[in-house]
Number of protein chains: 2
Amino acid sequence: MEEQFDICDYINMKEEEVKEVIRNIPSEDKLYNLSDLFKVFGDKTRIKVLYALSVTEMCVCDIARLTEMTQSAISHQLKTLKASKLVKYRKEGKATFYSLADDHVKTILEQGKNHIEE
Amino acid sequence: MEEQFDICDYINMKEEEVKEVIRNIPSEDKLYNLSDLFKVFGDKTRIKVLYALSVTEMCVCDIARLTEMTQSAISHQLKTLKASKLVKYRKEGKATFYSLADDHVKTILEQGKNHIEE
DNA sequence: CTTACATATGAGCAATTGTTCATATGAACT
DNA sequence: AGTTCATATGAACAATTGCTCATATGTAAG
């Protein structure tokens with residue numbers, strides 16, 4: 001059995017706790033999805049968009065206008081938000097209206113706000 | 001008054017909604033803090049660490065061992081987590097024991113998990 | 001079928017990020 | 001003092017990211 005990490009010699013934990021920690025750490029797959037989801041929230045522009053959409057559905061051009069970003073930048077970001085299933089959309093003529101996909105979005109934003117506001 | 005964004009001509013919203021959207025978008029300062037907080041969750045290694053610490057406090061070397069990362073990588077990440085007030089620590093001899101700063105951490109992870117698991 | 005408008009998208013670039021490696025700090029023990 | 005162990009930190013590098021710019025797609029109206 002070879003050491004692959006340059007870490008300390010002793011384990012400062014009870015055998016039982018070690019097992020529970022290992023059991024508690026999600027699978028690589030889940031970690032990947034989870035971090036990917038939070039990455040999406042980790043950008044000012046996207047958070048602005050989400051807050052805007054938490055009021056009402058909006059077309060791309062109005063999102064751009066109210067967030068003070070270019071149409072292109074917003075369009076790129078909406079693609080990201082769509083990929084994470086945080087927003088959905090419907091087409092109406094030339095316009096595309098975006099809205100929040102579900103209530104998780106608001107809840108996650110709310111929890112984040114709680115943390116920074118204390 | 002000059003146009004600074006290459007967006008559409010019309011506003012597809014009621015005057016009232018425009019006002020509410022503007023009111024609802026957080027200040028630059030708050031957006032900065034919020035996105036910065038979520039950025040911290042946006043990394044597999046840091047999420048692993050947080051899940052590990054959600055079981056029990058642990059010293060750096062044990063975190064490294066159980067997350068299968070190097071001591072240095074973990075130490076750097078703990079610095080980030082500390083800066084966001086997601087973890088706290090106490091020193092005991094040569095070792096430093098880290099633990100979750102509060103329950104928001106678990107709640108935020110929980111909400112994220114809820115979103116990806118549907 | 002043109003033209004105009006709304007949105008999407010690809011390439012390119014600067015900025016940010018996570019890891020590794022080497023080294024520094026600091027505590028405990030001889 | 002010197003040695004060992006646990007942790008922290010700085011520099012460097014590859015990888016990722018968010019924007020801009022130019023252009024493509026698609027819809028509606030003339």
Side-chain angles (χ1 to χ4, degrees), chain A residues 3-13 31-32 35-50 57-84 87-99, chain B residues 3-13 31-32 35-50 57-84 87-99:
Chain A
E3 270 295 351
Q4 46 179 334
F5 308 113
D6 59 332
I7 50 179
C8 66
D9 296 334
Y10 312 109
I11 294 187
N12 292 305
M13 302 169 64
L31 284 170
Y32 183 82
S35 60
D36 248 39
L37 172 68
F38 285 120
K39 256 181 214 139
V40 178
F41 284 91
D43 177 78
K44 287 203 298 180
T45 303
R46 285 190 293 264
I47 292 192
K48 257 203 254 187
V49 171
L50 293 176
E57 72 164 8
M58 294 169 71
C59 70
V60 177
C61 72
D62 283 342
I63 300 175
R65 195 196 315 270
L66 294 180
T67 57
E68 303 191 330
M69 298 290 293
T70 65
Q71 177 270 317
S72 180
I74 290 302
S75 201
H76 278 295
Q77 297 297 25
L78 285 170
K79 193 179 184 178
T80 304
L81 291 168
K82 210 165 53 182
S84 307
V87 302
K88 57 189 194 312
Y89 66 96
R90 70 181 175 85
K91 304 215 169 206
E92 187 180 317
K94 279 179 294 188
T96 309
F97 290 89
Y98 282 83
S99 54
Chain B
E3 269 297 353
Q4 46 179 334
F5 308 112
D6 59 332
I7 49 181
C8 67
D9 297 334
Y10 313 108
I11 295 187
N12 292 305
M13 301 169 65
L31 284 170
Y32 182 83
S35 59
D36 248 39
L37 172 67
F38 286 120
K39 255 182 214 138
V40 178
F41 286 91
D43 177 78
K44 287 202 298 180
T45 303
R46 285 190 294 263
I47 293 192
K48 258 203 254 185
V49 171
L50 293 175
E57 73 163 9
M58 294 169 72
C59 71
V60 178
C61 73
D62 282 343
I63 300 175
R65 195 195 316 269
L66 294 181
T67 58
E68 302 190 331
M69 300 289 293
T70 65
Q71 177 270 319
S72 180
I74 289 302
S75 200
H76 279 295
Q77 297 298 24
L78 285 170
K79 193 178 184 179
T80 304
L81 291 167
K82 209 164 53 181
S84 306
V87 302
K88 56 189 193 320
Y89 66 96
R90 71 180 176 85
K91 304 216 169 208
E92 189 180 316
K94 280 179 293 187
T96 310
F97 289 89
Y98 282 84
S99 54

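Throughout, a chain's letter reflects where its sequence line sits, starting with A, and its residues are numbered from 1.
- Remark: side-chain polar atoms of S84(B) are not paired, donor with acceptor, to backbone N or O of L81(B) under 3.5 angstrom.
- Ring-to-base geometry does not place H76(B) in a stacked arrangement with dT19(C) (centre distance under 5.5 Å, plane angle under 30° required).
- Between K94(A) atom NZ and dA6(C) atom P the separation is 5 Å, expressed in whole Å.
- Counting only heavy atoms from C-beta outward, the side chains of K88(A) and S99(A) approach each other to under 4.5 Å.
- Note on S75(A): a base of the nucleic acid sits closer than 4.0 angstrom, heavy atoms only.
- With hydrogens and angles disregarded, a donor-acceptor distance shorter than 3.5 Å links the side chain of T67(A) to the backbone of I63(A).
- Remark on DNA chain D: of its neighbouring residues N12(A) and K39(A), the 5'-side contact belongs to N12(A), judged by nearest-heavy-atom nucleotide.
- For Q77(A), whose side chain is taken as the heavy atoms from C-beta onward, the closest listed nucleotide among dG18(D), dA28(C), dT20(C) is dG18(D).
- You'll find the side chain of K82(B) reaches within 4.5 Å of the side chain of Y89(B), heavy atoms only.
- Between the side chain of S72(A) and the base of dT9(C) there is at least one donor-acceptor pair of N/O atoms closer than 3.5 Å.
- Side-chain proximity of A95(A) to dA8(C), dT7(C), dT9(D): nearest is dT7(C).
- Between the CD atom of Q77(A) and the CD1 atom of I47(A) there is a distance of 11.0 Å, given to the nearest 0.5 Å.
- Along DNA chain D, the nucleotide nearest D36(A) and the nucleotide nearest A73(A) are compared for position; the residue whose nucleotide lies closer to the 5' end is D36(A).
- Within 4.0 Å (heavy atoms only), K91(A) reaches no atom of the nucleic acid at all.
- Residue contacts for Y89(B): at a heavy-atom cut-off of 4.0 Å it reaches no nucleic acid atom on any strand shown.
- Of the residues in residues 42-50 of chain A, none lies under 4.0 Å from DNA chain C by heavy-atom distance.
- With hydrogens and angles disregarded, a donor-acceptor distance shorter than 3.5 Å links the side chain of R46(A) to the backbone of K39(A).
- In terms of heavy-atom proximity, D62(A) sits nearest to I11(B) at OD1-CA, 3.4 Å.
- Between its opening and closing five pairs, the helix from dC1(C)-dG30(D) to dT30(C)-dA1(D) changes axis direction by 10°, a value rounded to 10 degrees.
- With respect to the salt-bridge test (charged N to carboxylate O, under 4.0 angstrom), the residues K48(B) and E68(B) do not qualify.
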